[in-house]
Amino acid sequence: MAARIEHLVTSGQFSLDGGTWDVDNNVWIIGDDHEAIVIDAAHDADAIAAAVGDRRLTAIVCTHAHNDHIDAAPALAARTGAPILLHADDLPLWKQTHPDREPDAWLTDGQAIEAAGTDLMVLHTPGHAPGAVCLYAPGLGAVFTGDTLFNGGPGATGRSYSHFPTIIASIRDRLLALPPETKVLTGHGDPTTIGAEAPHLEEWITRGH
């Protein structure tokens, strides 16, 4: 049975640099009827576990370590036995939310994560956060971008651990090189495609400076 993409929206709060905002997060589940992985265990471990159901959860992959993308990860891991995977450059951010629980393994650029017979390629795309990654699934025609690229432009870079020129370089060199029909499945909000976003790169650069 071929892997499929499932989508869940969970709600909670994002906190950084002394501010707190209400947010809705996209949680992505990639799998078949027997096993699955979760991308970004946000806010509600119960809802995510219910969506996974009786399938074997093989990994909880974090696109980055802002609290709204990882706050439910330890509870989901405890419930399912699935390991939590994060890029090591985001450990300082992770420790702000989970000081007593480290991730189980480190994501590396170029690594392949297998989910129900389909491969997700880890693309290190710093800028929104030092250890931000995107996960490209060529077999599904999709890239899971976390908060690196949205429908309408780059993720925010106005807070600690973020850097605008870096996110622009990540998007230009890693994401816009993907096929234009690739679906961009984001950490918040609506999907888009690489082809829809690519023409706006110069506009983002002008706007961002």
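Everything numeric here is computed off the predicted structure, so don't read it as measured data.
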*hydrophobic_cluster_shared for I60 and V52, side chain cutoff 4.5 Å*: yes
*Find out if a path of hydrophobic residues (ILVMFWY) with successive side-chain heavy-atom gaps under 4.5 Å connects I205 to L176.*
yes
*Check step by step if side chain to side chain contact (heavy atoms under 4.5 Å, CB included) holds for F14 and N67.*
CA-CA 6 Å; F14 165 55; N67 72 290; 3.2 Å; yes
_For a side chain to side chain contact (heavy atoms under 4.5 Å, CB included) check, start with the C-alpha distance between D109 and R174, then their side-chain angles and the critical distance, and finish with the verdict._
CA-CA 11 Å; D109 186 61; R174 307 308 302 276; 3.0 Å; yes
*asked:* For R56, give me all partners under salt bridge (charged side-chain N to carboxylate O under 4.0 Å, His left out), at least two apart in sequence or on another chain.
replied: E35
*Shortest non-hydrogen contact from G152 to W204?*
O-NE1, 3.5 Å
*Minimum heavy-atom distance A65-L86, with the two atoms named*: CB-CD1, 4.0 Å
*Counting only N and O atoms by type, is there a donor-acceptor contact under 3.5 Å from the side chain of S170 to the main-chain atoms of P126?*
yes
*Parallel, tilted or perpendicular: which fits the ring planes of H87 and H124, with parallel below 30° and perpendicular above 60°?*
parallel
_Rounded to the nearest 0.5 Å, what separates atom NE2 in H128 from atom CG in L149?_
12.0 Å
_Cluster check I168, V184: I/L/V/M/F/W/Y, side chain < 4.5 angstrom_ = yes
*Donor-acceptor pair, T58 side chain versus A36 backbone, under 3.5 Å?*
yes
_Closer than 3.5 angstrom, by distance alone: can the side chain of T192 be matched with the main-chain N or O of N151 as a donor-acceptor pair?_
no
*Specify whether W94 and H98 have parallel, tilted or perpendicular ring planes, treating 30° as the upper limit for parallel and 60° as the lower limit for perpendicular.*
tilted
_With N25, the side-chain hydrogen bond (donor to acceptor under 3.5 Å, both in side chains) member among D40, T10, D68, D44_ = D68
*Are any side-chain N or O atoms of T145 and backbone N or O atoms of T148, one a donor and one an acceptor, separated by less than 3.5 Å?*
no
*Would you say the side chains of S160 and D17 form a donor-acceptor pair under 3.5 Å?*
yes
*To the nearest 0.5 Å, what is the distance between OG1 (T118) and CZ (R4)?*
13.0 Å
*State yes or no: do W21 and F150 share one hydrophobic cluster built from I, L, V, M, F, W and Y residues joined by side-chain heavy-atom distances below 4.5 Å, directly or via other members?*
no
*Any chance you could measure Q96, atom CD, to I70, atom CD1, to the nearest 0.5 Å?*
9.0 Å
*Enter the distance from H188:NE2 to T186:OG1 here, rounded to the nearest 0.5 Å.*
8.0 Å
*Can you list the other members of the hydrophobic cluster that holds L140, where links are side-chain heavy atoms under 4.5 angstrom apart?*
I5, W28, I30, I37, I39, V61, L85, L107, I113, L120, V122, V133, L135, F144, L185
*So, are R55 and D32 salt-bridged, with charged N and O less than 4.0 Å apart?*
no
*With D173, which residues qualify under salt bridge (charged side-chain N to carboxylate O under 4.0 Å, His left out), at least two apart?*
none
_Nearest-0.5 Å distance that lies between atom OG in S11 and atom NE2 in H43_ = 6.5 Å
_In the structure I gave you, are the side-chain heavy atoms of N26 and P191 within less than 4.5 Å of one another anywhere?_
no
*Below 4.5 Å, heavy atoms only, C-beta onward: do D119 and P138 meet side chain to side chain?*
no
_Interatomic spacing from NZ in K183 to OG1 in T193 - rounded to 0.5 Å_ = 10.5 Å
*Please examine the side chains of C62 and D90, heavy atoms only from C-beta on, and report whether any two atoms are closer than 4.5 Å.*
no
*Find out if a path of hydrophobic residues (ILVMFWY) with successive side-chain heavy-atom gaps under 4.5 Å connects I84 to L8.*
yes
